[in-house]
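All values below were derived from every heavy atom in this structure, side-chain atoms included, with hydrogens, water molecules and symmetry-related copies excluded.
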Amino acid sequence: MHKSISASISFLLLLYFSLLGFLEAVACCRRRQHLRPTSIDLMAMEITQILLNAQAVDGTIRKHSEESLKQFQDQNLPGFLLALSGELANNDKPAESRKLAGLILKNTLDAKEQHRKFELLQRWLSLDSAVKAQIKGCLLQTLTSRVHDARSTASQVIAKVAGIELPHNQWPELIGSLLANIHQVPAHVKQATLETLGYLCEEVSPDVVDQDQVNKILTAVVQGMSSSEGNTDVRLAATQALYNALGFAQVNFTNDMERDYIMRVVCEATLSPELRIRQAAFECLVSISSTYYEKLSPYISDIFNITAKAVKEDEEPVALQAIEFWSTICDEEIDILEEYGGDFTGDSDIPCSYFIKQALPALVPMLLETLLKQEEDQDQDEGAWNLAMAGGTCLGLVARTVGDDIVPLVMPFIEENITKPDWRQREAATYAFGSILEGPSVDKLSTIVNVALNFMLTALTTDPNNHVKDTTAWTLGRIFEFLHGPNVETPVITNTNCQQILMVLLQSMKDVPNVAEKACGALYFLAQGYEDGGSPSPLSPFFQDIVQALLSVTHREDAGESRLRTSAYEALNEVVRCSTDETAPIVMQLVPVIMMELNQTLEAQKLSSEEREKQGELQGLLCGCLQVIIQKLGGSESTKYVFMQYADQMMSLFLRVFACRSATVHEEAMLAIGSLAYATGADFSKYMKEFYPYLEMGLQNYEEYQVCAITVGVVGDLCRALEEKILPFCDGIMTQLLKDLSSNQLHRSVKPPIFSCLGDIALAIGENFEKYLTYAMPMLQSAAEVSVNTSGADDEMLEYTNQLRNGILEAYSLIFQGFKNSPKTQLLTPYAPHILQFLDSLYLEKDMDDVVTKTAIGVLGDLADTLGSNAGPLISQAVASKDFLHECLSSDDHFIKESADWARLAITRAVSG
């Protein structure tokens with residue numbers, strides 16, 4: 001550790017970097033004094049007052065100041081940034097103006113939206129280097145300030161600048177300058193520097209920093225954490241910095257001595273007298289448990305003792321992190337075991353250390369004890385998080401990790417506490433039971449659940465405590481979710497007990513909002529268990545009562561509390577979705593009821609902003625309900641004809657919902673229209689003229705990108721419903737889709753479905769797609785080239801890349817299918833070599849998932865099938881096509897093999913001429 005991390009820094013180097021930062025700051029201030037006094041410079045001179053006014057209580061003053069700042073930024077960006085950095089660095093200025101100056105400076109460097117982030121990055125890089133040097137000098141100077149807010153803000157800004165510049169090989173001296181501040185400086189400067197290093201590690205990718213610098217950063221951070229460091233603020237900053245720096249420590253964690261040193265210091269920090277340091281140290285342990293799981297074996301026993309002590313004795317923020325450590329270990333082991341699919345034995349060489357299984361006898365009692373630490377006013381729906389909730393969540397993860405082994409450890413606790421007079425004991429026992437239902441086998445649980453079911457149904461209606469009833473209803477929902485349904489061999493719900501269950505749930509829907517909400521949730525899972533749509537269903541005799549009870553819940557005055565109204569509509573949707581032909585007339589009766597309620601939301605006038613928001617939420621729920629009804633009734637030949645009498649009224653209501661939003665469209669209404677288009681087929685064309693402006697509006701909605709994605713999906717629905725009747729609207733749709741693909745403003749997740757949508761259009765209009773080929777095919781080719789290059793991609797990026805590939809391949813496949821049997825198929829021949837090259841590249845990369853593999857081999861078949869004899873020579877020349885086809889033909893995946901069989905047949909025909 002002391003050889004590779006603790007490389008010494010010479011005194012001259014320390015002095016040089018310290019002086020460098022000081023001289024840059026002095027130069028910053030001197031140069032600013034020689035600027036010509038234009039109107040903008042006068043504004044710079046008044047920047048302090050403008051920043052203070054921007055925080056004024058008076059809205060008029062605040063707005064004027066914000067406009068002045070924007071004008072300054074727009075007209076003279078370098079001067080604006082210099083003024084802000086100078087304000088931040090000036091110890092004579094008010095703390096409030098300095099802090100705001102730093103925050104504004106930070107916001108000029110970064111943004112949440114990817115396209116905006118890129119714009120700000122380019123803007124900073126294009127600034128004059130002298131200006132940037134002055135700003136950076138001021139930022140480094142601020143780290144010496146006695147004002148904490150100024151230092152902290154400067155730390156964040158420095159990290160943002162580093163995040164931009166270091167990948168471009170700029171500001172190479174930064175890390176050296178910061179490390180120079182670690183030694184022989186006041187404690188507040190050391191604290192600020194460690195904080196900066198932490199933010200820097202958060203902003204910068206590890207591959208940008210060389211290992212020697214990583215070693216020095218870790219040395220500085222770990223030494224700052226050491227108990228020999230007397231200053232609490234320094235230790236806290238160092239511990240928080242380590243949390244961000246752990247991703248840089250890959251090499252160091254492979255070295256036993258260095259890893260031992262880091263782990264020792266972290267474990268020591270968990271015992272610090274200072275609460276915030278202990279909490280930060282446990283956060284480091286949580287991060288280590290996921291980042292370096294495979295390195296934990298030598299330390300796991302000590303960590304268990306540390307976490308057990310924290311859970312039992314420490315304050316809640318620390319105890320919560322101690323539990324989070326074990327939850328994270330569960331997540332890691334669940335992922336490992338699921339990846340191997342249970343396809344291994346005890347002797348298999350898999351990277352699972354079975355920490356949870358080993359700790360089980362001590363871990364489970366520790367977690368069960370936390371369940372007794374509920375709070376009187378706890379409400380899971382309000383985002384509260386306490387020890388009992390964390391313990392129950394971890395217990396559930398333990399159950400998923402070890403399966404049946406947890407049951408005998410938990411049942412004694414349940415049996416001991418379930419009938420106790422203290423509500424906390426009854427609630428804890430119920431919570432424990434509900435928590436372990438996912439993981440153990442049905443065989444292990446079914447006998448226990450059959451005994452517990454009657455007890456819980458009684459408790460739900462008779463227990464005097466709302467917390468107990470809340471948890472009981474939640475547990476019933478978990479029983480229905482995991483131990484009931486067509487895939488469960490011995491379900492606990494039978495025709496015999498179904499009536500009793502329903503009567504209890506419907507009665508509980510009249511209870512207080514949090515209990516009623518959980519009862520709705522339980523009914524949701526109960527109904528879902530009959531999703532096979534078999535007839536008769538045990539729910540059918542009670543269908544009318546169920547629907548009426550749920551509608552009554554939505555009308556309760558307190559339905560806005562505890563997500564009650566939302567949960568009631570979700571349950572109603574599931575009840576409709578799982579209904580049978582026997583209950584179709586009742587579902588039909590529901591149509592005018594929901595339409596009337598939607599109409600009432602549209603009649604409301606002069607709403608406040610809060611009322612308008614609630615109106616929008618209710619409209620979304622009602623549109624969502626109508627969507628499910630449309631799918632159910634419109635998809636059945638026995639009900640479709642009668643249902644269609646409502647189509648005009650529904651479409652009129654959906655268009656009015658859109659009109660309410662003026663600048664945006666409602667995603668639930670858009671989804672409902674997609675379902676209506678599918679149900680009405682070609683008859684939907686009569687609505688297109690009125691609907692098209694809203695369709696275009698949805699495709700242009702870059703900010704609410706989920707709406708844009710849904711609208712793209714609806715375009716696909718329209719193509720399948722209207723086929724060639726979509727043609728009059730294709731110019732506008734294609735123009736907007738191609739704009740979306742070219743835009744940096746649109747979230748990347750929308751682009752794969754857009755490519756697929758191009759194929760939907762091609763399939764719908766056939767050879768009429770000819771006019772779009774010269775625009776669409778180059779776009780597909782460019783995206784294909786990008787999607788092949790995956791070197792250095794992480795798991796998340798690879799997952800997205802495969803989604804992109806699949807969208808591109810679906811487009812190719814559907815374009816070929818659209819042109820099949822057309823005299824214009826030769827128009828596609830020039831694009832065939834590139835497509836085959838793309839398929840070869842994908843195969844050679846060896847990182848396709850199964851979905852992409854199936855689509856890719858399908859494209860090979862579609863190309864051969866559509867181009868016929870013209871494709872034969874091209875496929876024969878393709879480097880990897882034969883190997884790809886052979887591999888797919890021998891695949892274990894039925895769908896891949898099926899696609900490969902079809903492709904082989906098409907290729908054989910094409911090659912034989």
Derivation and outcome, side-chain contact (heavy atoms from CB on, under 4.5 Å), residues Met650 and Val591: CA-CA 9 Å; Met650 282 188 183; Val591 178; 3.4 Å; yes
side-chain contact (heavy atoms from CB on, under 4.5 Å) evaluation trace for Tyr702 with Asp740: CA-CA 8 Å; Tyr702 292 169; Asp740 289 350; 3.0 Å; yes
Test log, rule side-chain contact (heavy atoms from CB on, under 4.5 Å), inputs Leu523 and Ile546: CA-CA 9 Å; Leu523 179 60; Ile546 293 169; 3.8 Å; yes
Pair Ile857-Leu860, side-chain contact (heavy atoms from CB on, under 4.5 Å): steps then yes or no: CA-CA 5 Å; Ile857 200 64; Leu860 189 61; 3.9 Å; yes
Asp847/Arg805 under salt bridge (Lys or Arg N to Asp or Glu O under 4.0 Å): CA gap, chis, key distance, verdict: CA-CA 11 Å; Asp847 59 2; Arg805 293 166 172 173; 2.9 Å; yes
side-chain hydrogen bond (donor to acceptor under 3.5 Å, both in side chains) assessment of Gln700 paired with Gln736: CA-CA 7 Å; Gln700 293 169 350; Gln736 190 54 51; 3.3 Å; yes
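Salt bridge status for Lys820 with Asp865: present, with a side-chain N to carboxylate O gap under 4.0 Å. The pair Arg577-Glu574 counts as a salt bridge, with a side-chain nitrogen and a carboxylate oxygen less than 4.0 angstrom apart. A salt bridge between Glu617 and Lys614 is absent, with no side-chain N of the basic residue lying under 4.0 Å from a carboxylate O of the acidic one. Between Glu570 and Arg565, no side-chain nitrogen of the basic residue sits less than 4.0 Å from a carboxylate oxygen of the acidic one, so the salt-bridge criterion is not met. Under 4.0 Å is where a charged nitrogen must lie from a carboxylate oxygen, and between Asp893 and Lys854 no such pair does.
Evaluation of the salt bridge (charged side-chain N to carboxylate O under 4.0 Å, His left out) test over residues 722-732, restricted to residues two or more places apart or in two chains, returns Asp731-Lys771. Listed by first then second residue, pairs satisfying salt bridge (charged side-chain N to carboxylate O under 4.0 Å, His left out) with a partner in residues 680-699 read Asp648-Lys686, not counting sequence neighbours.
Between the Thr639 side chain and the Leu633 main chain, a donor and an acceptor come within less than 3.5 Å of each other. Judged by distance alone, the side chain of Thr866 and the main-chain N or O of Asp862 form a donor-acceptor pair under 3.5 Å. The closest donor-acceptor contact from the side chain of Ser899 to the backbone of Ile896 lies at 3.5 Å or more, if one exists at all. Judged purely by atom type and a 3.5 angstrom limit, Ser743 has no side-chain atom pairing as donor or acceptor with the backbone of Lys739. Looking at Tyr831, its side chain never comes within 3.5 Å of a backbone N or O of Pro778 through a donor-acceptor pair. Remark: side-chain polar atoms of Arg563 are not paired, donor with acceptor, to backbone N or O of Glu517 under 3.5 angstrom. Side chain of Ser562 to backbone of Leu564: no donor-acceptor contact under 3.5 angstrom is found. Panel note: side chain Asp901, backbone Glu898; no donor-acceptor pair is recorded below 3.5 Å. Side chain of Lys640 to main chain of Ala679: a donor-acceptor pair is present (N/O by atom type, distance under 3.5 Å, no hydrogens or angles).
Between Leu505 and Leu526, some side-chain heavy-atom pair lies under the 4.5 Å cut-off. A 4.5 Å side-chain heavy-atom check between Leu695 and Leu718 finds at least one atom pair inside the cut-off. In this structure, Leu476 and Ile501 have side chains that are not in contact, with every pair of non-hydrogen atoms separated by 4.5 Å or more. Within the 4.5 Å cutoff, side-chain heavy atoms of Phe819 are placed close to those of Leu773. Looking at Met651 and Phe691, their side chains come closer than 4.5 Å, going by heavy atoms from C-beta outward. Using a 4.5 Å heavy-atom cutoff, the side chains of Tyr646 and Ile630 are not in contact. At least one side-chain heavy atom of Leu780 sits under 4.5 Å from a side-chain heavy atom of Ile815. Between Leu842 and Leu809, the closest side-chain pair of non-hydrogen atoms falls below 4.5 Å.
When only modelled atom types and interatomic distance are considered, Glu704 and His747 share no side-chain donor-acceptor pair under 3.5 Å. For the residue pair Thr601 / Glu597, no side-chain donor-acceptor distance below 3.5 Å is found, with atom types taken as modelled.
Aromatic rings from Phe769 and Tyr772 are positioned such that their centres are separated by under 6.0 Å. Ring to ring, Phe480 and Phe525 are not that close: their centroids are 6.0 angstrom or more apart.
To the nearest 0.5 angstrom, Ser579 atom OG is 14.5 Å from Tyr530 atom OH. Atom CZ of Arg720 and atom CG of Asp760 lie 4.5 Å apart (nearest 0.5 Å). Atom CH2 in Trp474 sits 10.0 Å away from atom CD in Glu481 (nearest 0.5 Å). Note: Leu699 CG to Tyr694 OH = 15.0 Å, rounded to the nearest 0.5 Å. Separating the CG atom in Leu828 from the CE atom in Met777 is a distance of 6.0 Å, to the nearest 0.5 Å. Between Ile586 atom CD1 and Gln589 atom CD the span is 6.5 Å, to the nearest 0.5 Å.
Atom CD of Glu703 has 12 or fewer neighbouring heavy atoms from other residues, nucleotides or ligands inside a 6.0 Å radius. Enclosure of atom CD in Glu610 is not indicated, since only 12 or fewer non-hydrogen atoms of other residues, nucleotides or ligands lie within 6.0 angstrom. For Glu796, the CD atom is loosely surrounded, since the number of other residues' heavy atoms within 6.0 Å does not exceed 12. For Glu119, the CD atom sits in a packed shell: over 12 heavy atoms of surrounding residues, nucleotides or ligands are nearer than 6.0 Å.
Considering every non-hydrogen atom in both Ser787 and Leu804, the closest pair reads CB-CD2, 4.1 Å. In terms of heavy atoms, Met509 sits closest to Ala516 at O-CB, 3.5 Å. Across every non-hydrogen atom of Val859 and Ser813, the tightest pair is CG2-CB, 3.9 Å. Shortest non-hydrogen contact noted between Ser749 and Pro752 is O-CD, 3.5 Å. The minimum heavy-atom distance between Asp110 and Lys117, with the atom names listed, is OD1-NZ, 2.7 Å. Listed here is the closest heavy atom pair of Gln627 and Ser675: CG-OG, 3.2 Å.
With sequence neighbours excluded, the residues forming a ring-ring contact (aromatic ring centres under 6.0 Å, His included) with Phe729 are Tyr692, listed by chain and number.
Considering Leu758, Leu738, Ile754, Ile808 as possible partners of Met779, the one that fulfils the side-chain contact (heavy atoms from CB on, under 4.5 Å) test is Leu738.
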